[in-house]
Structures are given as structure tokens and as C-alpha cells.
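Working notes, structure below.
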Amino acid sequence: MADPNLFYISLLLLPLSLLFLLSLITRPRPIKIPIKNRHVFVTGGSSGIGLALAHQAASEGAHVSILSRSIDKLEEAKDAIRVSTGIDVAIFAADVRDFEAVQKAVNEAGPVDVLIVNQGVFVAQELEEQKLDEVRFMIDVNLMGSFNMIKAALPGMKRSRKDRGPGSIALMSSQAGQVGIYGYTAYSASKFGLRGLAEALQQEVIGDNIHVSLVFPPDTETPGLAEENKRKPQLTSIIAASSGAMKADEVAKKALDGIKSSSFIIPCNSEGILLSIATAGLSPQRSYLMAFVEVVAAGILRLAALCFQWNWYGSIEKWHMQKKERIWTTVYGKRVVRG
Ligand SMILES: NC(=O)C1=CN([C@@H]2O[C@H](COP(=O)(O)OP(=O)(O)OC[C@H]3O[C@@H](n4cnc5c(N)ncnc54)[C@H](OP(=O)(O)O)[C@@H]3O)[C@@H](O)[C@H]2O)C=CC1
Ligand SMILES: CCCCCCCCCCCCCCCC(=O)[C@@H](N)CO
């Protein structure tokens, strides 16, 4: 007769040996990235999440530079940060789509330790309605603009990295960069693009002690979101509401904590944690505990993901039915009245 104790021991041994195995193989190794007294460069730092990031980095003792297009908004941001922290940030007016302008700004700002590529534009609309110019605008600012920033800053980041400690390149994606959402064909494409960029780049710069992070916020209360909400398809709002909204300060805190602990993927809320585990794919994972969770939860989270899709397609179907009803009542409703 088999010893029942043996059963319980092996039940415990299985996860423990998996944990042990993962602690040996997870790469790259986790590392702490200090912020204090280091040069933190934030693009899109004059508004919303970027401004909150600049604020927090400055109050943690970093030398902060912010870059965006409008000099007025930059001045305003600089004043706001000075008033609340007593610290002056450096400001640079440039469009990330203009490589020369970006390079000039980076040269003036000096070698960067932590680059936060946060600028982004978003116009939610069905692709059929959306002008190609607007599609191009999102791809150019969100994706090409990020390439421009990284290409401009990387040489300086690599040089003398040895004396300056670990560097970081963080990219602001979105939960719409982990799953495609109605109304976000161009936006999601630009944010999914950042993931490919980040995964490949991490392999290229690990030898230079530079660590890449991707931040995935849900809807976040910012001037950008207020503008977006003015003309957002109803279905976009319904589906995006699957994840709770956050404040810019909360997202900035999560992002900065994630950057400091060199996490490759940085979720911002509880739905974001589930989404990140469900979409872990072949991305690097530095924490063997998180790797353990990913391995164990993969199956059940796939089921949860399918439930979300079931719910979303239900909303889409319902929306189409209501639309049809609206057409019927306007067309036939009138005819009946007239007849
Ligand atoms: N708010 C949200 O719901 C979410 C936002 N995100 C992402 O977070 C990031 C920040 O968003 P949020 O804070 O809401 O945005 P805001 O619109 O509030 O701020 C955007 C910032 O980017 C700058 N910017 C825009 N275009 C350019 C450009 N071409 N060159 C240089 N700077 C530029 C803006 O300044 P200026 O216009 O003067 O250039 C501003 O500083 C974006 O990447 C966005 O996609 C992700 C998930 C949710
Ligand atoms: C398996 C478990 C799944 C967990 C839940 C999934 C929830 C997904 C919601 C996606 C929301 C996308 C918001 C985009 C915000 C954004 O970027 C715009 N505001 C533009 O700025």
C-alpha cells in the first residue's frame, strides 16, 4: 500500500522544485536601478502621466529633463514642479517625429541614465471612419517617435555606463498594447509595436547594463484622455471599462517602482496583472516568483481571457442589434405615422 504521506510530500515537492528550477533559469537577473542623483529624461513630460513621472522622479532626488512640443506647456510644467518640490527640471521643446530636433535636445541635456519614452497620441475611431493621416500620426508619434528617442539617447547611455551604474529605457505602452480593442486599430498597432521593439532591444543592450521596461496602464485621468473622450466610440468605452480607471499619479508610482526594480513588464492595476500574466508569451521575466505564477496560472487565465472575449463580443452584438432597431424605428416608424 502506498504511503499517503508520500502523496502529500510529492504534492509539496512538485511546486517547490518548479520554483527552484525557475530561480535558476529566469533571465535576465533582477537588478535595482537607482533614481536618486541620476539623469531621468521623460518625453511627453509636460502633461498627464509624463508630468506625474517627472514630478515623482524630481521629488526622489533625480535630475529630471522633460521633452515635448509646446514650450508653453513645458514652462507650465516646470513651474508646477518647482512650486511643489522646489526643484527645477530642464525643459526641451521638440517633436519626437523630428530626429534632428530630438538629437539636439538629448545632446544638450547630457547623458541619460533613465530614459522614459512616454509621449503618445490617441484618437479612438473605427478604422473605416478614421483618416489615414490620423493612423499615420499615431504610428509616427507613438512608434517612430520612440525609435527616434532611443536612437538619439542610446549612444550617450552606453558610453561610460560602467561608472554610472545600471541604465533603464522604459516605454509607455497601454493595456490596448496587450490586447486589441474596438476603435484602437492604429493605436493598438502602435503600442503592440513597442513590445516588439522592447523585447528585441533588451537582448541587444543587456550587455551594456541597460534594462528595458514596458508600462501597461489602463484608462488614466489625464488631459489626453479628456480630449479622447470627446469623440470615442461607445463600444471602445464599454470594452475599456473592463479595466478600472486610474489617476496619473498612481500610474506614475507603479511605473517608477517597476523601473527601479527593472521589471520588463509593468502592469498598473489588478486587471493589468491578470492581463500581463495572460499575455506573458515569450517575454523575459526577472522574478522567479512571477515566472512561477505565469506557469501555474496560464491555463486558467486563458479561460478567463476567453470569457472576456465572450463578454466583449456580446456587447458588440448587442450594439449592432440596437443600431438596427434605431434604423427600423426611424425608417418604418415614420412610414407608419405618415401612412
Ligand atoms: N491616459 C490614458 O488613458 C492612457 C495613456 N497611455 C499612454 O501614456 C502616455 C501619456 O499619455 P497621457 O498622459 O494621457 O497623455 P497627454 O495627452 O496628457 O500628454 C501627452 C504628452 O506627450 C507630448 N507629446 C505629444 N505628441 C508629441 C510629439 N509629437 N513630440 C513630443 N511630445 C509629444 C505632449 O506634449 P505636446 O502636445 O506639447 O507635445 C504631452 O506632454 C501615452 O503614450 C499614452 O498612449 C496609456 C494608457 C492609458
Ligand atoms: C485574462 C484577464 C483579462 C483581464 C482584463 C482585461 C481588460 C482589458 C481592458 C483594456 C483597456 C484598454 C484601455 C486603453 C487605454 C488607453 O490607452 C487609452 N485611454 C488611450 O489613452
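As a basis for the values below, the full set of heavy atoms in this structure was taken, side chains included, without hydrogen atoms, waters or symmetry mates. Fair warning: this is a prediction, and the values are worked out from it, not measured in the lab. As the structure lists them, so they are numbered: ligands from 1, and atoms in each ligand from 1.
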Closest candidate by heavy atom, reference atom 34 (C) of ligand 1, pool Gln119, Glu228, Lys73: Lys73
What are the two closest heavy atoms between Ser188 and Val179, and how far apart are they? OG-O, 4.0 Å
Which atoms of ligand 1 have any heavy atom of Ala94 under 4.0 Å away? 30 (N), 31 (C)
Among non-hydrogen protein atoms, atom 27 (C) of ligand 1 lies closest to Arg69 NE, 3.4 Å
For Tyr182 and Pro233, the nearest pair of non-hydrogen atoms, with its separation, is CE2-CB, 4.0 Å
Has Glu60 got a side-chain atom pairing as donor or acceptor with His55's backbone, closer than 3.5 angstrom? no
Hey, is Glu325 close enough to Lys318 for a salt bridge, meaning N to O under 4.0 Å? no
May I ask you to check whether over 12 heavy atoms, not counting those of Glu317, lie within 6.0 Å of atom CD? no
Report the C-alpha separation of Lys253 and Asp257 in whole Å, then their side-chain angles, then the decisive distance to 0.1 Å, and conclude whether the salt bridge (charged side-chain N to carboxylate O under 4.0 Å, His left out) test is met. CA-CA 6 Å; Lys253 169 103 178 60; Asp257 285 348; 2.7 Å; yes
Provide, to 0.1 Å, the distance between atom 44 (C) of ligand 1 and the closest protein heavy atom, together with that atom's residue and name. Phe122 CE2, 3.5 Å
Which of the numbered atoms in ligand 1 are below 4.0 angstrom from a heavy atom of Asp219? 3 (O)
Between the candidates Gly48, Ser47, Gly50, which shows the shortest non-hydrogen contact distance to atom 16 (P) of ligand 1? Ser47
More than 12 heavy atoms of other groups within 6.0 Å of Lys254 NZ: no
Worked check of salt bridge (charged side-chain N to carboxylate O under 4.0 Å, His left out) between Arg302 and Glu294: CA-CA 11 Å; Arg302 177 63 183 138; Glu294 285 168 1; over 6 Å; no
To the nearest 0.1 Å, how far is atom 20 (C) of ligand 1 from its closest protein heavy atom, and which atom is that? Gly120 O, 4.0 Å
Do me a favour and list the nearest non-hydrogen protein atom to atom 46 (C) of ligand 1 with residue, atom name and distance? Ser173 O, 3.2 Å
Any pair counted as side chain to side chain donor-acceptor pair (under 3.5 Å), so long as it reaches residues 7-26, sequence neighbours left out: none
Short N or O separations between ligand 2 and the protein, below 3.5 Å:
from     : atom 1 : to     : atom 2 : distance (Å)
ligand 2 : 17 (O) : Ser174 : OG     : 2.7
ligand 2 : 17 (O) : Tyr187 : OH     : 2.7
ligand 2 : 19 (N) : Asp219 : OD1    : 2.6
ligand 2 : 19 (N) : Glu228 : OE1    : 3.1

Near Gly224 (heavy-atom distance under 4.0 Å), the atoms of ligand 1 are 16 (P), 17 (O), 18 (O)
Counting N and O atoms only, with roles assigned by atom type, does the side chain of Thr85 sit under 3.5 Å from a partner on the main chain of Ile87, one being a donor and the other an acceptor? yes
Would you sort out whether Asp140 and Arg97 count as a salt bridge (charged side-chain N to carboxylate O under 4.0 Å, His left out), showing the intermediate values? CA-CA 6 Å; Asp140 280 350; Arg97 289 170 292 179; 5.7 Å; no
Trace of the side-chain hydrogen bond (donor to acceptor under 3.5 Å, both in side chains) decision for Thr222 with Thr220: CA-CA 6 Å; Thr222 66; Thr220 306; over 6 Å; no
Note: Asp249-Lys247 ion pair, threshold 4.0 Å (strictly below): no
Quick test of your reading of the structure: of Thr222, Val251, Asn148, whose heavy atom lies closest to atom 12 (P) of ligand 1? Thr222
Salt bridge check: are Lys104 and Glu100 linked by an N-O gap of less than 4.0 Å? no
To which protein heavy atom is atom 41 (O) of ligand 1 closest, and what is the distance rounded to 0.1 Å? Ser46 OG, 2.7 Å
Of the protein's non-hydrogen atoms, which lies at the shortest distance from atom 30 (N) of ligand 1, and what is that distance? Val96 N, 3.0 Å
How close does the nearest protein non-hydrogen atom get to atom 47 (C) of ligand 1, and which residue and atom is it? Pro217 O, 3.4 Å
Would Thr43 count as a contact residue for ligand 1, given that I'm defining contact as a non-hydrogen atom of the residue lying under 4.0 Å from a ligand atom? no
Can you name the residues that form a ring-ring contact (aromatic ring centres under 6.0 Å, His included) with Tyr187, not counting sequence neighbours? Phe122, Tyr184
Any Tyr187 heavy atom less than 4.0 Å from ligand 1: yes
Which option out of Val117, Ile66, Asn118 puts a heavy atom nearest to atom 10 (C) of ligand 1? Asn118
Side chain, backbone, both or neither: which applies to Ala176 and ligand 1 if a contact is any heavy-atom pair less than 4.0 Å apart? neither
Among non-hydrogen protein atoms, atom 3 (O) of ligand 1 lies closest to Thr220 N, 2.8 Å
Please check whether Ile49 reaches ligand 1 - meaning an N/O of the residue sits under 3.5 Å from an N/O of the ligand, judged on distance alone. yes
Atoms of ligand 1, numbered as shown, that sit under 4.0 Å from any heavy atom of Val141: 26 (N), 29 (N)
Side-chain donor/acceptor pairs under 3.5 Å, residues 31-54, sequence neighbours excluded:
from  : atom 1 : to     : atom 2 : distance (Å)
Arg38 : NH1    : Pro34  : O      : 3.1
Arg38 : NH1    : Pro166 : O      : 2.8
Arg38 : NH2    : Arg164 : O      : 2.6
Arg38 : NH2    : Gly165 : O      : 3.4
Arg38 : NH2    : Pro166 : O      : 2.8
His39 : ND1    : Gly110 : O      : 3.4
His39 : ND1    : Pro111 : O      : 2.9
His39 : NE2    : Ser65  : OG     : 2.7
Thr43 : OG1    : Asn118 : N      : 2.8
Thr43 : OG1    : Gln119 : N      : 3.1
Thr43 : OG1    : Gln119 : OE1    : 2.7
Ser46 : OG     : Ser68  : OG     : 3.0

Where does Lys191 meet ligand 1, judged by heavy-atom distances below 4.0 Å: at the side chain, the backbone, both, or neither? side chain
Taking distance alone, with N or O pairs closer than 3.5 Å, would you say Gly44 contacts ligand 1? yes
Are any side-chain N or O atoms of Arg286 and backbone N or O atoms of Phe264, one a donor and one an acceptor, separated by less than 3.5 Å? no
Of the listed options Ala252, Ala240, Ser190, Ser70, closest to atom 38 (O) of ligand 1 (non-hydrogen atoms): Ser70
Between Asp95 and ligand 1, find which residue part has any heavy-atom pair under 4.0 Å and reply side chain, backbone, both or neither. both
Min over Pro218, Pro223, Ser174, Cys268 of heavy-atom distance to atom 48 (C) of ligand 1 lands on Pro218
Counting neighbours of CD on Gln322 that are heavy atoms of other residues, nucleotides or ligands and sit closer than 6.0 Å, is the number greater than 12? yes
